[in-house]
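Here the structure comes first, spelled out in C-alpha cells, and everything after it is commentary.
Just so it is clear: chains get the letters A, B, ... in the order the sequence lines come, proteins before strands, and each one is counted from 1. Model, not experiment: these values are computed from the prediction.
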Amino acid sequence: MSREIAILNGTVFDPTNRIFGERMDIFVKDGKIVGSASSKAQRIDASGKVVMPGGVDIHSHIAGSKVNSGRLLRPEDHRKDVEVKTPTTHSGVGYSIPSTYTTGYRYAKMGYTTVFEPATPPLKTRHTHEELDSTPIIDKGCFPLFGNNWFVMEYLRDGKVEECATYVAWMLKALKGYAIKIVDPGGVEVWGWGKFLRHLDEKVTHFNVTPREIIRGLCKVNRLLNLPHPIHVHTNNLGNPGNYTTTIETMDTVRDMANGSKPIVHITHVQFTGFSGSSWLNLGSGAPEIAEYVNKHGHVSVDLGQIIFGDTTTMTADGPFQYFLHMLTDNKWVNMDVEVETGSGIVPFQYKRSNYVNAIQWGIGLELALLIKDPWRVFMTTDHPNGGPFTYYPRVIAWLMSRKARERTLSKINRTARRRLTLPSIDREYTLEEIATITRAAPARSLGLKNKGHFGLGADADIAVYDINPSDMDVLRRKPAKLRRAFGQACYTIKNGAVVVRDGKILKSPFGRTFYVESQTKPEIESNLLRSIETRFRDYYTVGIENYQINESYLRYPAKVRCEAEI
Amino acid sequence: MGLEESTFRDVVCTVCGCCCDHLEVTVKEDTVVKVKNACAMSTSKLLNYMNERIMKPMIRRRGRLSGCSYRDAVDAAAKILLKSRSPLLYGWSLTSCEAVEVGVELAEEVGGFIDNTTSTCHGPTILGVHEIGESSSTLGEVRHRADLIIYWGCNPIHAHPLHMSRYTLLSKGRFRKSRSERTLIVVDVRRTDTAKMADMFIQVEPNKDYELISALRAAVRGDEIEQDEVGGVPTDLIEEVAEMLISCDFGALFFGLGLTMSPGKSENVDAALSLVRDLNSKTKFVIIPMRGHFNVNGANNVMTWMTGYPYAIDFTRGFPYYNPGETSAVDLLARGECDSALIVASDPVSNFPYKATCNLTSIPLITIDPHITPTVLCSDVVFPSALVGIETSGTVYRMDGVPLVARKLVEPPRNIRSDIEILRDILRRYRNLKRLGR
Amino acid sequence: MSALELTLRRTVMAPLYLDIISPDNLSGKRWREIGDYIVWEGNRKVKLRSLFKIEGEAEANLQDTLIEIVGDMSRARRIGYRMSGGVIRVRGHGGLYVGESMRGGRIIVDGDAGPWLGANMAGGTIEVSGSAGDHVAAASLGTDKGMTGGTIIVKGDSGSQTGAWMHSGLIRVSGSSGMFPGAHMRGGTIHIIGDCSGRAGANMRGGKIVLSGKLPTVLPSFTFEDIRSQTRVDKDNVEGPFYVFSGDNNEGGDGRLFIKKASNPQLKWCEKFLEV
C-alpha cells in the first residue's frame, strides 16, 4: 500500500495554523503532513466533508488498576454492550468501561487519535502501561499522581522545592509518566485513616503541610522542570455543594506564579467542582463565577467533565469522594488505597434527568463551555467514564453547537433545575473551528505535543474526515441527530499516515506510541537524590526501587519528550 | 550467565501471591547455587527447579507418550484445536501476564473457553466483589497503618511464609513500628501455627463462618444478638471482637480458602466484604484476599482488560461471555461440554473433582508445563516450557495488584521455550491451517 | 391446538445455545423455516434441522403455540428465553437457564432443570417435575434485580441461592432446598416444603420465606417476632404454627421468615422472647 495519501477538496479546520474552514488539500507521507504528494498517493475525496486533525483527549480514564477494578466490579455493564470478533478487530465489551481493544477502536471510529490516562498510581503504573500497550490505534500517555505522595509532602513541608523537583523528574522518568497529576491534595492521605479534609489551609495529619502548599509547591516544580503540560489538578472538595469557591481559590493560589499568557494550572472536570449553594437542596451552578475568573485570568485552563444522562461507572483517585458517593447511593463500592502515594474509589452511578442535582450538573458543564470565551482554555471531556462514556462525545458536541439540541434536553430535565440554570438564556453556538479547537488543537497545545492537533508541515498525520458539509451548518444545527452521527462515525480516520477507519469501520489496528517526559536535571543532582531517598524508599514501599522503575524497553513504542530542567 | 558466579539482587519470587521482591539469588554455570532472604518454599523451588523436568515435546502415539519434534507437536496441537467445537484453555496462574495475553488471543481465535485457576480458589471472592465491591489497599498501607490484623480461614505461616514479616504483624511501618503496636486476631476451625501467634484466637465450628460474620456485622451495627452462641463462639466474645474492630484506627482482614471454599462460598465472601464495608462507617478497614499462586492475580487482570471478565470466559460465539458455574472449567467438564483442552502450567488432573477429571482425560489434551505432572502423563501433546522468573522473564501481579517483573536468572535447558513462544507458534499454525481450510 | 415437536437427533457434546426456541420466535413459522434457523453448538453454527427432527406445526397465534422438545437438553441453554406467551414442554432434562427473562406463558419440564432456572423472570409460569439446580430465579451477575414476577414450581429439590435478589413473584419447592434461599431478597414469596440446608433469607430486605421443613439455625441477624398459627402463600393457607423472624437486620431489612415450629424443635430457645 502507498505510504502517501492525498485528501482532496475537503473543508479544513486547523485552528493552530489559523485555517478556519478553507477548501484545501492535505498531503501525507510516511506518517507526516507534507506539502505535496506524488501521483502514486492514495486519493481520498473529501469534497463536501470536514477535515480536522485527529482528536486529542486530555483526560479519559482508559487504563490502569482502577479502570480494571471497575471492569471487574461490573459484569452487568459489559453484558449489555459486546463487540463480536471480525477479520480486522478483536472482540471485546463496552459499555462505560470498555475492554482495551474496544477502547482503541471506539476512539478511532470517532476520529480520535490521542488519549491521555489522567491518573496512574505510581506504584501500579506498570499496570497502566500494560493496558495502554494493549489499546490499539491511539497514541497515549499517563499522568502519575503526586498530590498525596509522602516524599512530595515532606519536601514541601521542609520548603525543599528543588529537591522535590528532582524527585518528580526522577519519578516521571522512572514511571514513564507525562505530567504532574494532583488529586484532592492531602485529602487522600487523610482518607488513609478514614478521615476527610475540607479546606485548602487545613493541615494534612502527620505531615504538617496544607493542600495550598502542595499545589503551589508542585506548580513551582512544574516550572522548574519545564514540563510540557501544566499541573493537572482535581481540586479538594469535589462533589460538595459550594465547592466552586474551592475551585476559584485553587486557581487563585498560583496566580502570582503566572508566566505570560501560558496557563500554569489545569483544573480538570471542573463541572464536578462547580457547585454553588450550601446543600443538595439549594445546589446551584457556580459556572458563571468560574467562567468569569477564567475569562479574566490567562494562567488557567479547564476541561469540562460534562455529564451524560444514563448509567456509568464513576472512578477517581479521590477515595474519600467515592466513599461519600457510595453512602449517598447505596451502590456497590470499591476502594483501593495505594501505599505512600494515593488511593482510588469506584461506584456505579446513574445520572437521571429528573434528578435535581444531576440536572444542575448537566447544566454546569455546558454553561462553563459556553461562558468561557477562549476556546483555547476549555477542553471537551466527560472525564470518561465519570460524567459518561467517551462514546457520547458527539452528543456533547451537538449540545455545544446547537441551541436546539440543548433546548430539547432542557425540556426534559428537572423543572426546578431548569429554572435555576443560566443555560436557557445562553445563545452561543459553537462553530466548527471552535469544536476543532476544544477537541484537538487546544488540548494538544496544552499537552505540549508539538506535532499533534494541527496540519503544519511535519506534524503527525493523524486526521479525521467527517461527513459534514459546512455550508449546511444551519440545517445541521436544527438536526442535531445528524451532527451526532457525523461526529460519531468518521468517514476516515488516519493514524500516523495509515487509514485505520473508513465509514465508521476499522480497517486495521496498528499500535500507537506512548509519550513520556524526561526533564533533564544536572546529572549529579539525580544521583544525590537517589542516594538520599534510598533508605526512605525501603522504609516506605513494600517493593525495591529496582523493581519500581519501568524500563523504556517495557513499552511497545515509547516516545520520549525531552525538556530542560532549571536545576 | 556464564561460568562465573553472579548474584542477582531484588529478585521477585515466583511461588505465592506475596511476590516478595527482595531475594538474592546466586547463579553459577546456569544453575542457581545460593538463595538468600527467601522463605523455605521459595528456596526449595529455586534450588530444585530442575527436578522432574520434561526435556522434550511429546505426542501420544498408539497409547504411549513419546518424544517428537517441536514442529510436530505444534502441528498436532493446532489440529486438535481446529477440530474442536468447544475447546477449553485452562491454567494461567503460574505463567506471565504476557503469556496470558497470547492465551486470550488464542482462545478468541479458536472460539473456546478460557479459565484460570481462580475458578477453584478465589472465584467466589470475585463473585462477591461483583455484588458488594471491596474496600481494599496495597499491602504497604497495612504495614504503615494497621493496628488490627485479622487472618480468617488462612494460615500464612505455611502458605504465605513472609506475609507477616514483610507486610503485616511483624513489619515495621511509618505509624506502627513494632509487633506491640498491633493486635492479631485469627479465626479458623483449628488452632493453626498462625493462630498460635494471635492475641486472640477464635475457633469457629467448621462451616459456620457465615453465621459468625453475620453475628459480627450485627454486633458492629449495635444490634442485639438473640442467640447465646453463634458458630460455637459465645455472643459475649463476638461483642468484644466487634468492639475491637470498631475501635481500631486501621483494620485489615485477610482471608483464604477457609472462607472461599467452605459451603456458602461466594456468600461467605459477600458477608466478609459487607462487614468491612460496614466498618468503614466507623473506622478505616480494608480486606485483602490471600491469593495463592504468584500470578493468579495477573491472569485475572489481563483477562479483565482484554475481555471485561476475570476468568471463565466463553469465546465460542465470537465475543466474550462470562458466567462462572456455566463457563468455568470444572462445571464445563462436569457436564461434559468440552471436546479438547489446552492446559498451561497447571495440574487439573490432580486437583479437579472426579467427574470433571474423568471427562478431561477422555478428550484430546494438550499440556504446556515445565514439570512432569499427572496432567502431563494423561496428555496427548506435551510441550516442555521454561519457568517464569527463573528461565524467562515476565510480569506478575502481587495479591494486592502491584505489578512486578520476574526476571530471567539462568538460561533454560536447550530447546526449551517460553510459554509465550509456544502459544504464539500454536496460534500461528492454527491460523495457517485455517486459512488453508484444513 | 397442534404442537410443534422438536426431537433431538443426536448427542450434543458442546454447549448448545437455544435462546431462539420460544413461542414468540416460532409461532406462525413453517417447519421448513424453523429448520433453517441457525444456533450455536459450541463454536459452530448449525441448522436447527441438523439437531432436531421437526414435526407438526406451530400455531399462528402466540398464546396457542405449543412447542414440545424431546431429548436430553442438559447441555442446552436458554430454552424459552424472553418468551411472553404460549407453552413449551421439555420431555427430558431442560438444561441451563430455562425460561431466562421470561415474561409470560408457561414452561413445563418433565425432568430436571439445570442452574439458573427462570433467571430474571418477569412473568409466566415454570413447572419442573424433577429437581432444579442452583440459582433458581437468580439475577444476572453484578445486578441487584432477580425475579420480578411470575411463578416457579419445582416438584423435586432446588439448589442453593433459590430466589436470590428476588423482587416479586412466587417460588414453591416441594422437596428440599440448598443454602441461602432468598439471599438478598427484596420482595415476593418463597415456600420450601422440604428441608433447607440453612442461611435462609441472608441479607434479605423484604419479602417472605416460608419453610415447612427443617432449618438448622436462624442467622443471628434476624429478630424473633412471634408465633403464628398459619400463613398465606399466594392464595393458599399454609398451616403452622410458625416461628416468625424479621430481618436481615444487617441490611436494615424487613423481610419475614416463617419457620414451621413442629419441624424445628432446636429453635425453641426463641420462645423466651415471647411477651407474656
Side-chain angles (χ1 to χ4, degrees), chain B residues 84-87 110-113 126-127 129-132 207-208 210-221 223-231 235 238 263-267 270-271 274-275 278 309 314-318 321-327 331-332 335-339 363, chain C residues 11-17 40-46 74-75 77 95-97 114-116 119 133-135 138-144 159-161 164-165 178-180 183-184 197-199 202-203 216-224 245 247-252 267 269-270 272-273:
Chain B
S84 178
R85 281 170 190 250
S86 179
V110 304
F113 294 88
I126 287 171
L127 295 178
V129 172
H130 293 331
E131 288 183 359
I132 306 296
N207 305 332
K208 292 287 184 201
Y210 190 89
E211 281 76 5
L212 183 57
I213 300 175
S214 286
L216 271 172
R217 281 184 72 195
V220 165
R221 285 170 50 91
D223 289 342
E224 186 199 0
I225 297 167
E226 294 175 353
Q227 297 160 37
D228 298 335
E229 56 151 65
V230 176
T235 300
I238 293 173
K265 292 189 172 181
S266 69
E267 290 291 340
D270 194 309
S274 301
L275 171 65
D278 296 352
Y309 306 118
D314 170 2
F315 276 114
T316 52
R317 289 171 291 170
Y321 168 77
Y322 165 74
N323 190 29
E326 179 188 358
T327 57
D331 303 272
L332 286 165
R335 285 193 300 270
E337 291 180 337
C338 290
D339 58 359
I363 57 179
Chain C
T11 318
V12 173
M13 298 301 286
L16 192 59
Y17 302 91
W40 290 92
E41 181 187 2
N43 56 23
R44 308 293 153 94
K45 288 178 176 170
V46 296
S74 59
R75 296 188 180 110
R77 280 123 170 97
L96 293 74
Y97 275 102
W116 291 284
D134 296 341
H135 312 289
S140 301
L141 271 182
T143 65
D144 56 7
S160 66
Q161 305 199 328
W165 299 103
M179 278 187 180
F180 296 104
H184 303 279
S197 327
R199 300 173 187 169
N203 289 317
T217 64
V218 176
L219 287 174
S221 48
F222 279 75
T223 308
F224 175 67
F245 288 83
D248 184 330
N249 299 332
N250 284 343
E251 292 288 322
L267 295 180
W269 57 265
C270 67
K272 72 180 174 206
F273 294 102

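Contacts of C:S160 with chain B are absent, with no heavy-atom separation under 4.5 Å from either backbone or side chain. Neither the backbone nor the side chain of B:T235 comes within less than 4.5 Å of any heavy atom in chain C. Interface remark: B:L127 contributes side-chain atoms only to the contact with chain C (heavy atom separation under 4.5 Å). Contacts of C:H135 with chain B are absent, with no heavy-atom separation under 4.5 Å from either backbone or side chain. There is no contact between C:S197 and chain B, counting heavy-atom distances below 4.5 Å. Contacts between B:L332 and chain C at a heavy-atom distance below 4.5 Å involve the side chain alone, from C-beta outward. Looking at B:P87, the atoms closer than 4.5 Å to chain C (heavy atoms on both sides) all sit in the side chain, from C-beta outward. For B:Y321, the part lying under 4.5 angstrom from a heavy atom of chain C is the side chain only.
Summarising the geometry of C:A202 relative to B:Y210, their closest heavy-atom pair is CB-OH, 3.0 Å, with the distance given to 0.1 Å. Shortest non-hydrogen contact noted between B:I225 and C:P220 is CG2-CB, 4.0 Å. Nearest heavy atoms, B:S214 versus C:N250: O-ND2, 3.0 Å.
By the side chain to side chain contact (heavy atoms under 4.5 Å, CB included) test, B:D278 pairs with B:R217, sequence neighbours left out. With sequence neighbours left out, B:S86 forms a side chain to side chain contact (heavy atoms under 4.5 Å, CB included) with B:F113, B:C338, B:D339, C:A14, C:P15.
Put simply, of C:A139, C:G114, C:G142, the one with the most heavy-atom pairs under 4.5 Å next to chain B is C:G142. Chain C forms the most heavy-atom pairs under 4.5 Å with one residue out of B:T316, B:V110, B:D314, and that residue is B:T316. Put simply, of C:E251, C:Q161, C:E41, C:R77, the one with the most heavy-atom pairs under 4.5 Å next to chain B is C:R77. Taking chain C as the reference chain and counting heavy-atom pairs below 4.5 Å, the highest number among B:A215, B:A218, B:G111, B:G336 is found for B:G336. The candidate with the highest count of non-hydrogen atom pairs below 4.5 Å against chain B, out of C:T143, C:L16, C:N203, is C:N203. Interface remark: of the candidates C:R199, C:K45, C:M179, C:K272, C:R199 forms the most heavy-atom pairs closer than 4.5 Å to chain B. Contacts with chain C were tallied for B:Q227, B:E224, B:R221; B:R221 has the most, counting heavy-atom pairs under 4.5 Å.
Rounding to the nearest 0.5 angstrom, the gap separating the CD atom in B:E267 from the CZ atom in C:F180 is 5.0 Å. Taking CD from B:E337 and OG from C:S74, the interatomic distance works out to 7.5 Å, rounded to the nearest 0.5 Å. Taken to the nearest 0.5 Å, the NE2 atom of C:H184 stands 4.0 Å off from the CG atom of B:D270. Separation of atoms OH (C:Y97) and CD (B:E326) is listed at 5.5 Å; rounding is to 0.5 Å.
When side chains are defined from C-beta on, C:W269 does not count as touching B:D228, because their heavy atoms never get closer than 4.5 Å.
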*Worked verdict on C:L219 versus B:E211 for side-chain contact (heavy atoms from CB on, under 4.5 Å)*: CA-CA 6 Å; C:L219 287 174; B:E211 281 76 5; 3.9 Å; yes

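Distance alone, capped at 3.5 Å, places no donor-acceptor pair between the B:D223 side chain and the C:S221 backbone. Although no hydrogens or angles enter the test, the distance criterion places a donor-acceptor pair under 3.5 Å between the side chain of C:R75 and the main chain of B:R335. The main-chain N or O of C:F224 is found under 3.5 Å from a side-chain atom of B:E226 such that the two form a donor-acceptor pair.
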